[in-house]
Each structure stands twice: as structure tokens, then as C-alpha cells.
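As C-alpha cells, the structure follows; a few thoughts come after it.
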Amino acid sequence: MEDTIKTGIEESNFIHNFIDEDIENGRYEGKPIYTRFPPEPNGYLHIGHAKSICLNFTTAEKYGGYCNLRYDDTNPVKEDTEYVESIQEDVKWLGFKWDKLLFASDYFQQMYDCAVKLIEKGVAFVDDLTADEIRETRGTLKEPGKDSPYKNRSIEENLKLFEEMRDGKYEDGEKVLRAKIDMASPNINMRDPVIYRISHNEHHNTGGKWCVYPMYDFAHPLEDAIEGITHSLCTLEFEDHRPLYEWSLEQLDWPTPPRQIEFARLNLTNTIMSKRHLKALVDDGSVDGWDDPRMPTIAGIRRRGYTPEAVRDFCEKIGVAKANSMIEMSFLEHCVREDLKTRVESRNVIFDPIKVVITNYPDDQTEEMEMENNREVPEMGNRMIPFSKELYVDGADFMEEPVKKYFRLFPGNEVRFKGAYFITCNEVIKNDDGSIKEIHCTYDPETRSGSGFEGRKVKGTIHWVDAKTAVKIKVREYGYLMIEDENGENVLNPDSVKETFCYAEPKVADAEAGERFQFFRHGYYIADEKLTTKDEKVFNQIVGLKSSWKK
RNA sequence: UGGGGUAUAGCCAAGUCGGUAAGGCAACGGGUUUUGAUCCCGUCAUGCGUAGGUUCGAGUCCUGCUACCCCAGCCA
């Protein structure tokens with residue numbers, strides 16, 4: 001039996017089946033498979049977009065084809081260059097290389113020409129109805145709509161009017177170009193849809209050059225067709241638009257038109273993906289920006305310390321289908337741990353310090369203890385950390401009155417201090433208020449790590465930090481960004497960030513922004529890119545460690 | 001009977017010709033362990049939304065139901 005390592009592009013899904021079929025039928029005459037990721041630059045990309053990005057790029061890769069990054073920027077009022085830059089960064093961060101970087105707005109002339117063709121063909125007309133009137137005559141889900149009184153204008157008049165629209169003779173909303181299809185269609189998208197509207201707004205790419213802009217339903221098939229896209233992957237809500245997508249290309253006699261295939265978008269438990277919500281949090285200062293480590297944006301999870309490999313692995317593992325689904329957060333977290341566990345070094349960090357005094361250890365002695373950087377990956381080598389008479393251990397590693405099956409430190413118990421000695425707890429020293437001041441322990445010099453001591457075994461191994469040389473760091477741990485209040489409304493979680501000062505082994509002071517570690521027993525952390533300074537190290541919790549121990 | 005979709009375990013998800021329900025996450029149990037991590041082993045659908053039908057045989061084919069999602073922007 002041979003072991004085969006499965007990668008995303010070897011997995012197969014229903015989209016691949018369609019493509020295989022198209023290739024067999026010779027639908028694309030042997031041309032390369034082309035996909036595209038077509039965001040509108042009106043916000044930052046989030047983890048949901050990552051699924052679409054992975055899908056488009058890996059599908060192209062699987063077939064030896066190409067994928068374009070194309071900005072679907074056909075609405076000047078919503079788009080901004082800040083977003084076009086962030087989108088490129090995010091796609092690059094995920095590790096994908098687009099074949100071409102394109103703007104739909106660069107096709108405005110071709111799209112305009114196509115609209116003229118439709119008019120000449122008699123399948124599009126200029127309508128003077130207002131937006132309200134169009135809505136009123138569109139009918140309802142169950143009742144057909146009514147033809148516009150302007151539907152039967154002559155081709156010449158339509159041509160002249162459309163040209164005047166382009167030349168800026170009309171105000172926003174005064175006229176639109178509509179496709180002549182069927183006001184009685186059970187598919188509302190086919191009831192003479194608006195395909196061009198007037199907008200006297202500055203466009204982020206074309207500036208003031210145009211004042212008529214194509215609607216998505218007309219623009220998108222043309223963008224795909226112009227670029228030679230073979231498979232246009234989009235989310236489920238566009239299924240009803242497919243007939244219009246196909247209609248547009250049919251009317252223009254486009255040879256080998258692209259095929260639209262829809263898939264279910266990503267939903268993650270306890271995660272708000274709505275751009276409206278996310279933007280509101282940024283605008284009202286509830287978060288640090290689009291890249292706040294709590295945000296589900298790609299910029300946010302990048303700063304949070306997730307790796308592109310983990311995100312990609314996640315997107316591959318969740319699969320692609322047409323059924324609406326809700327993925328559990330633990331799935332993503334699993335992928336993050338899985339990736340991090342073989343690529344980061346571990347460090348001793350004490351979150352809730354309890355001072356330990358080794359009473360039988362020489363007062364002024366310090367030893368350098370050897371610690372493995374990553375037990376799974378010996379090639380990552382070892383490091384030395386200081387050990388002396390006074391140390392800190394974690395609050396979770398000591399119990400004055402142990403519960404059953406607790407085998408860390410408690411009075412009378414002996415444990416191994418990882419990488420150092422067997423230590424026995426003898427006495428708990430209290431403050432006046434009854435809180436623990438320090439615990440007095442003794443060590444057994446014969447049990448030094450690496451000495452080969454086999455005399456007796458201990459059940460617990462705990463980590464520690466030398467008190468004299470410890471460095472103080474700030475650690476931020478995250479809960480859900482939004483939670484539901486009693487009315488079921490999404491509100492900011494007041495406990496979405498928990499800051500703690502911790503004692504870390506000296507080497508942590510050298511951590512560079514962006515560097516990741518496993519903090520022994522606590523999880524994976526990254527030195528925050530923005531908050532870490534020369535004087536203060538701030539670490540974000542990337543993801544906690546799984547623990548099977550329960551009290 | 002407006003139209004378009006989707007139903008396989010707590011969560012994802014394979015399941016091309018009908019041949020006797022992959023895999024992952026989570027959970028639980030056990031073993032190894034100088035991290036209660038990792039790793040390893042085991043358990044977890046006589047069952048595929050539901051009711052019938054065809055068939056030697058149905059998650060796959062047929063019929064009827066049911067539930068959920070999407071659509072009435074001059075947004076994408």
C-alpha cells in the first residue's frame with residue numbers, strides 16, 4: 001500500500017466534474033482553463049473570500065490553467081483604492097499568483113459597445129421610468145410585471161438616447177438602459193432588467209471619464225468572456241442570475257461563452273461576515289482597524305498569527321458543495337494548530353505566577369538548562385535557559401489542596417521541572433491576607449535532566465521561569481468579537497480581549513514582531529506587528545492548545 | 001403548483017455504471033510521553049429529510065410529501 005499525500009488540487013469536487021465534462025465535450029476547444037477571483041473593491045476581504053480565492057486558484061492549477069484577479073468595479077460610489085491595495089496584499093499573502101491583474105472598469109468602452117449592439121439588435125431600450133416606477137411595474141414574486149411604456153421606442157431613438165446618456169445630458173436616475181426580455185418571466189431577473197445606469201460620480205479608476213455604468217448582470221458575463229474565462233465560479237445567490245448571464249452572451253453571439261457554476265459560501269460559527277457589521281466596528285473604533293486580531297478579515301487573521309498554509313488547508317478540507325453549511329470554529333483552529341506545531345519553537349512563559357523558592361539550592365548559583373525548541377522537530381535544536389534558587393511557576397500548576405488525578409505541584413508532591421530537576425513541594429508561605437506568598441520546595445541534584453537518572457518516576461512535568469532573569473511581556477487573548485445580547489442582537493463582546501502580564505524566559509525579549517511561539521502549555525502566540533516595541537513585547541494568542549485534562 | 005436551489009452522524013463531506021455508507025473536525029475510551037500537548041489505537045449512520053414504488057439488490061432510479069436557503073437594487 002503506497003502512501004499518497006493528498007493536496008487540495010488532487011481532491012475532486014462537483015465543480016471539477018463539470019469541468020471534466022466540458023473538457024471531454026470539447027466545449028472550450030482545447031483552450032486552457034481560466035478562472036477568476038472578482039472582488040468589488042468596497043471593503044476588506046474576509047475568511048469567506050479566502051474560500052473563493054482558494055477555489056478559483058486551485059481549480060485553475062489543477063487543470064494547468066490560469067486565474068485572474070479582477071476587480072469588479074462597476075459601481076463608482078462604493079469603491080476605493082484603499083481596498084484595491086488590501087485585496088492584492090491578501091491574495092498574495094495566501095500565496096497565490098494571478099495570471100493577470102485587471103479592472104472591469106478597463107472594459108467600459110467594450111461594454112458600452114456591447115450595449116449598443118443590443119440596442120441595434122432591438123433587444124435593449126432606454127427607459128424613462130423612475131426607479132420607483134420600475135419597481136412598481138416589475139410585478140411580484142407571484143404576479144407578472146408590466147411592460148414599460150417606453151419599451152417600443154425605435155432603435156434610432158434608443159441609440160440617440162443612450163448616446164446622450166453617455167454624454168452626460170441626463171441626471172442620475174433620469175434614464176436607464178434595459179434589456180428587452182420578458183416582464184412575465186417567473187424569474188424576476190429576466191423581467192427587462194436594467195443593464196446600464198447613470199452615475200455622475202468620480203470612479204476610483206476611470207475618474208470622470210464615464211457617467212454611465214453597466215450593472216453586474218450585464219457586466220460580469222462580458223468581463224468573463226473578454227478575459228477568456230472558461231468557468232466563472234460564484235456563490236449560490238447568483239443561481240437565479242445565470243439565465244441572464246447566458247442571455248447576454250447569447251445575444252452578442254459570443255463564441256465559447258464561459259460557464260457559471262455556483263457553490264455555497266462559507267459560514268463559520270460565532271463569526272460575523274457581514275461587511276456592514278465589520279465596517280461599523282472599524283468606523284466606530286470598536287476595533288483596532290480592519291486588521292484587528294479579532295476580525296475575521298484576512299488582514300485580521302494574518303495579524304492574529306494564522307498562517308496562509310493553515311487557511312489554505314482549511315479551505316481545502318471543508319470542501320465545496322451546494323448545500324448551505326455552517327463550519328465549526330474548531331475546524332479552523334485545528335488547521336492552525338496542525339500547521340504551527342511543526343514550525344514554531346516553544347518558550348516558557350508563566351501567566352499567573354507563583355514564586356517558588358528552592359530552599360536547598362545554593363543562594364548565588366545559576367545553571368543553564370537545556371530545553372528542546374520543538375519536541376516534534378529535533379532539527380530545531382535546543383536552547384539554554386537559566387535556573388536558580390527563585391523561580392516562577394504557573395498558578396494552574398499548583399494546588400494547595402489537589403483534586404483527584406491532579407499530578408502537578410501540591411504540598412508533599414514531587415514533580416519534574418521541565419528540563420531541570422525533580423522538585424518536591426514542602427511548604428506554602430502565606431501573606432497576612434491568606435494569599436499565597438511563595439512555596440518552598442527542595443530539589444534533588446541527582447535528577448538533573450539528561451543525567452540519565454532512573455531512580456524514580458514522577459507523573460507531572462511543569463514549566464518554570466527563573467525569577468531573577470524573567471522578562472515581563474504583555475499577552476492578549478481573544479474571545480468572540482461579537483456575542484448575542486438578550487434580544488438576540490449582535491453586540492460587541494466586552495470580554496473579547498483579555499490582557500495579562502506574564503513572566504517569560506529571557507530569550508523572549510529578543511522576539512521580533514511577527515515571530516510565533518508555542519508558550520508552553522498555553523497555546524500559540526505571535527509578537528504583535530503593531531503593538532510590539534523595543535521596550536514592550538505584546539503577544540497575540542493565535543490559538544490555544546487542546547487539553548484533555550478535566551478537574 | 002411564482003421561480004431557482006439544497007437535504008448523508010453534533011459539524012463539514014465522499015459516494016460518476018444501482019452491488020450492500022470513505023475521510024476529516026468534535027466527542028468519548030485506552031496506550032506512549034520530561035508539555036494532561038504531540039503521537040498511536042479504539043468507539044461513534046442496519047442508516048442517507050419523509051412516505052411509497054421499481055428491482056434479486058436503492059443514498060443512487062420513479063412518484064408523492066416535508067423542511068430549509070435564495071430572488072421583487074438604477075448593489076455586487
Side-chain angles (χ1 to χ4, degrees), chain A residues 6 11-14 17 20-21 38-40 42 72-75 77-79 127 129-132 134-136 138-145 172-178 184-191 193-199 213 215-217 219-220 234-243 262 264 269 275 314 317-335 337-338 341-342 346 348 371-372 374-376 405-408 415-420 422 447 449-450 457-463 518 520-523 545-550:
Chain A
K6 285 195 173 176
E11 299 278 357
S12 138
N13 60 47
F14 79 99
N17 296 155
D20 290 340
E21 191 180 279
E40 183 184 23
N42 66 346
D72 206 357
D73 54 349
T74 56
N75 184 354
V77 306
K78 293 172 71 179
E79 295 146 12
D127 199 344
L129 256 30
T130 64
D132 284 344
I134 288 179
R135 186 178 328 111
E136 283 158 18
R138 186 154 28 223
T140 68
L141 294 178
K142 296 189 179 184
E143 299 154 26
D172 290 9
E174 212 176 320
K175 286 183 168 34
V176 290
L177 184 70
R178 291 229 255 169
S185 171
N187 180 347
I188 292 185
N189 296 301
M190 299 299 271
R191 316 239 262 230
V194 172
I195 58 175
Y196 254 92
R197 82 294 213 172
I198 299 168
S199 179
Y213 293 90
M215 298 290 291
Y216 168 87
D217 282 312
H220 208 87
C234 64
T235 42
L236 251 28
E237 66 270 26
F238 292 104
E239 271 182 314
D240 288 343
H241 298 245
R242 191 181 342 124
E262 310 84 9
T269 55
K275 219 171 261 182
F314 172 71
K317 281 182 173 154
I318 57 175
V320 192
K322 294 195 71 163
N324 290 316
S325 62
M326 177 69 72
I327 314 272
E328 291 177 352
M329 202 57 175
S330 60
F331 209 139
L332 212 205
E333 291 172 345
H334 158 80
C335 295
R337 285 189 204 100
E338 192 69 13
K341 74 183 181 200
T342 54
S346 73
N348 284 8
M371 305 285 290
E372 296 158 306
N374 185 319
R375 233 176 106 192
E376 296 301 298
K405 301 195 84 176
Y406 185 78
F407 44 82
R408 274 118 100 152
V415 298
R416 171 172 295 280
F417 273 32
K418 176 142 177 92
F422 280 12
T447 58
S449 194
K457 300 270 186 191
V458 289
K459 290 207 77 174
T461 298
I462 67 176
H463 62 112
Q518 186 198 110
F520 214 80
R521 199 108 92 184
H522 287 280
L545 243 39
K546 287 214 309 188
S547 168
S548 62
W549 182 64
K550 291 175 187 67

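The shown structure was predicted, so the numbers you read here are calculated from the model rather than taken from an experiment. Atom set for the values below is all heavy atoms of this structure, side chains included, hydrogens, waters and symmetry mates excluded.
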Protein and nucleotides 65-68 of chain B: nitrogen or oxygen contacts under 3.5 angstrom:
none

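- Nucleotides B/rG30 and B/rG49 place their C1' atoms 37 Å apart, quoted to the nearest Å.
- B/rA26 and B/rC39 have their P atoms separated by 10 Å, with the value rounded to a whole Å.
- The phosphate of B/rA37 (OP1 or OP2) has a side-chain N or O of A/Ser548 nearer than 4.0 angstrom.
- Using a 4.0 Å heavy-atom criterion, one finds that A/Glu239 contacts the sugar-phosphate atoms exclusively.
- Glycosidic conformation, B/rG24: anti, with the torsion outside 90° of 0.
- A/Ser449 comes within 4.0 angstrom of a nucleotide base, judged by non-hydrogen atoms across all strands.
- B/rC75 sits 38 Å from B/rC65 when the C1' atoms are compared, rounded to a whole Å.
- Residue-to-nucleotide contacts include a donor-acceptor pair under 3.5 Å from the side chain of A/Glu328 to the base of B/rG10.
- Within 4.0 Å (heavy atoms only), A/Lys341 reaches sugar-phosphate atoms of the nucleic acid but no base atom.
- Side-chain N or O atoms of A/Thr235 include none that pairs as donor or acceptor with a backbone N or O of A/Glu237 at under 3.5 Å.
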(message) Output one letter per nucleotide in nucleotides 70-76 of chain B: B when a protein non-hydrogen atom lies under 4.0 Å from the base, S when only the sugar-phosphate is that close, - when neither is.
(response) BBBSBBB
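- The separation of B/rG47 from B/rG31, taken at their C1' atoms, amounts to 32 Å, rounded to a whole angstrom.
- Residue A/Val77 is out of contact with every strand shown, counting any heavy-atom pair closer than 4.0 Å.
- Between A/Lys418 and A/Asn348 there is no side-chain heavy-atom pair separated by less than 4.5 Å.
- Taking every side-chain heavy atom of A/Ala323 into account, B/rU6 is the closest of B/rU6, B/rA37, B/rC12.
- Residues that satisfy the side chain to side chain contact (heavy atoms under 4.5 Å, CB included) test with A/Asp217, not counting sequence neighbours, are A/His241, A/Leu244.
- Close to B/rG2, at under 4.0 Å from its OP1 or OP2, lies a side-chain N or O of A/Lys142.
- The closest side-chain heavy-atom distance from A/Phe417 to A/Ile462 is below 4.5 Å.
- Classified by its glycosidic torsion, B/rG10 falls in the anti category, the angle being over 90° from 0.
- Figure legend. B/rG2 is base-paired to B/rC71; pairs are counted as Watson-Crick or G-U wobble with both atom distances under 3.5 Å.
- Nucleic acid contact for A/His463: none, since no nucleic acid atom lies under 4.0 Å from a heavy atom of the residue.
- Phosphate contact (OP1/OP2 of B/rC25, side-chain N/O of A/Lys546, threshold under 4.0 Å): absent.
- Using a 4.0 Å heavy-atom criterion, one finds that A/Gly450 contacts the bases of the nucleic acid, with or without backbone contacts as well.
- Residue A/Glu333 is classed as having no contact, given no heavy-atom separation below 4.0 Å to the nucleic acid.
- For the pair A/Lys405 NZ and B/rG29 C1', the interatomic distance rounds to 11 Å; values are reported in whole Å.
- By the 4.5 Å heavy-atom criterion applied to side chains, A/Asn324 and A/Leu236 are counted as neighbours.
- No side-chain heavy atom of A/Ser346 sits less than 4.5 Å from a side-chain heavy atom of A/Met371.
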(request) Determine, step by step, whether A/Asn75 and A/Tyr213 satisfy the side chain to side chain contact (heavy atoms under 4.5 Å, CB included) criterion, reporting the C-alpha distance in whole Å, the side-chain angles of both residues, the deciding distance to 0.1 Å, and the verdict. (result) CA-CA 7 Å; A/Asn75 184 354; A/Tyr213 293 90; over 6 Å; no
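- Between the CD atom in A/Glu338 and the CZ atom in A/Phe314 there is a gap of 14.0 Å [rounded to 0.5 Å].
- Comparing B/rC61 with B/rU16, their C1' atoms sit 15 Å apart, to the nearest whole Å.
- Contact check for A/Gln518 versus A/Asn374: no side-chain heavy atoms found under the 4.5 Å cut-off.
- Spacing between B/rC44 and B/rC62 at atom P, rounded to whole Å, works out to 34 Å.
- The nucleotide whose nearest atom lies closest to any side-chain atom of A/Met326 is, among B/rU34, B/rC12, B/rG4, B/rC12.
- No contact: A/Gly145 has no heavy atom under 4.0 Å from any strand.
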